[in-house]
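The structure appears below as structure tokens.
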Protein chains: 2
Amino acid sequence: MNIGDVSKESGVSTKMIRYYEQIGLIPAAHRTEAGYRIYRDNDVHRLRFIRRARDLGFSMDQLTQLMALWSDRHRASADVKRIAREHIAELERKIHELQAMTDALKHLAEHCHGDQDPECPILEDLAGAIEVEARHADLTRFGAGGADPVRRKKEIQ
Amino acid sequence: MNIGDVSKESGVSTKMIRYYEQIGLIPAAHRTEAGYRIYRDNDVHRLRFIRRARDLGFSMDQLTQLMALWSDRHRASADVKRIAREHIAELERKIHELQAMTDALKHLAEHCHGDQDPECPILEDLAGAIEVEARHADLTRFGAGGADPVRRKKEIQ
DNA sequence: CTACGGCTTCCAACGATGGGAAAGTCAAGC
DNA sequence: GCTTGACTTTCCCATCGTTGGAAGCCGTAG
């Protein structure tokens, strides 16, 4: 099997297959005399495993651990479960952060007339929470953007 | 005010201030004879506006639009609200995707004994849904990783 | 004068992926 | 045997927002 065949069968692009090989996530494929990578069914299974784990949002690091456990006959399922639990916790953390943003935005949007008038609580809030609070004491800010807004962007993006 | 001062007052790193200037998000600062950027209170306000919008997860593109509206006295609040609504929809889409991953993982983790035994539904699922279904018909897979698993990773990360 | 901290620009890296160019390879059809 | 087209190879670049570092200039306190 050439790389294009494995790609079709595994759902992983040829670009990514070469990348995974390059970073050592999968072993270097054997080559034909002409330099073409050659694969067997085993490799398709491995790439499908990778794709499914990525679809579930596992990081490359977690994926590396999962693959090691996958190929370890004497693994303890507790180790797998621990990784899954850690990932679940991380996902839930992100969900909560996104939810906090959504809640704050929804709150602001509800108070915006959304008409031809330039008056807009959303912009007022972005311009400065303190001044806004002085003028619109009823508009309490939520977590995001508070006194110590903690740059979370990177973690979320 | 030098760039360090605005950075402290606005909460935006000097690196990012220069970057925002470079990509045209903010106008180029005036310079001293020695080439130092000089700022006024106005600039601090603008950077705080940017930081708050980023904290709420707005993209740079949306941010550009918001800043244009912010400085437009004749804006219609409807335009601002529309951007906010679009962003809310995007946030909710991401939340749903993360939630789907979480649900699928929780389901798998629940069925994993998490002991010293190598038997593990999580790994079996990653290894191949079809074979797993044949052996564990009660373990139905969720959305992520199904027949057409659609690469969503990029959108979420 | 010296030392230190702030400022400047430029370059690189991150993580995972896609795009594309230039060149070599293979197989089918003529 | 030759052409053609699909496939493969490596290499470089771009994304997106942000951080880090290096080399060198500036400003001020001691």
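In what follows, every chain begins at residue 1, and chains take the letters A, B, ... in the order their sequences are listed.
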In this structure, how many angstroms lie between the [atom2] atom of [N] and the [atom1] atom of [X], rounded?
X: R31(B); N: dC7(C); atom1: CZ; atom2: P; result: 12 Å
X: E21(A); N: dA16(C); atom1: CD; atom2: P; result: 17 Å
X: M60(A); N: dC14(C); atom1: CE; atom2: C1'; result: 13 Å
X: I50(A); N: dA16(C); atom1: CD1; atom2: P; result: 12 Å
X: R54(B); N: dT18(D); atom1: CZ; atom2: C1'; result: 10 Å
X: R18(A); N: dA16(C); atom1: CZ; atom2: P; result: 19 Å
X: D5(A); N: dA6(D); atom1: CG; atom2: C1'; result: 12 Å
X: R51(A); N: dA16(C); atom1: CZ; atom2: P; result: 17 Å

Taking the side chain as every heavy atom from C-beta outward, state whether Y39(A) and I17(A) have any pair of such atoms under 4.5 Å apart.
yes
Can you find a pair of side-chain heavy atoms, one from R54(B) and one from M60(B), that are under 4.5 Å apart?
yes
Following the transitive rule for hydrophobic clusters with a side-chain heavy-atom cut-off under 4.5 Å over Ile, Leu, Val, Met, Phe, Trp and Tyr, establish whether Y20(B) and M1(B) coincide in one cluster.
yes
Indicate, with yes or no, if L69(B) and M67(B) share a hydrophobic cluster defined by side-chain heavy-atom contacts under 4.5 Å among Ile, Leu, Val, Met, Phe, Trp and Tyr.
yes
Close residues, residues 34-41 of chain B, relative to DNA chain C [heavy-atom separation under 4.0 Å]:
G35(B), Y36(B), R37(B)
Does a side-chain N or O of [X] approach OP1 or OP2 of [N] to a distance below 4.0 Å, or not?
X: Y20(A); N: dT17(C); result: yes
X: S13(B); N: dT19(D); result: yes
X: T14(B); N: dC7(C); result: no

Can you list every ring pair (Phe, Tyr, Trp, His ring centres under 6.0 Å) pair that touches residues 72-96 of chain B, not counting sequence neighbours?
F58(B)-H87(B)
Determine the contact category for T32(A): base if any of its heavy atoms lies under 4.0 Å from a base atom, sugar-phosphate if only primed atoms, P, OP1 or OP2 are that close, otherwise nothing.
nothing
Taking E92(A) first and then K106(B), would you say they form a salt bridge - that is, a charged N and a carboxylate O separated by under 4.0 Å?
yes
One would report the end-axis bend of the helix from dC1(C)-dG30(D) to dC30(C)-dG1(D), five pairs per end and rounded to 10 degrees, as 30°
Would you indicate which nucleotide in dC7(C), dA16(C), dT9(D) comes nearest to any side-chain atom of I3(A)?
dT9(D)
Please find the pair of heavy atoms, one from [X] and one from [Y], that lie closest to each other, and give the distance.
X: A29(B); Y: E21(B); value: N-OE1, 3.4 Å
X: S10(A); Y: V44(A); value: CB-O, 4.1 Å
X: G4(B); Y: T14(B); value: CA-CG2, 4.2 Å

Under the 3.5 Å rule, do the base of dG20(C) and the side chain of K15(A) count as making a donor-acceptor pair?
yes
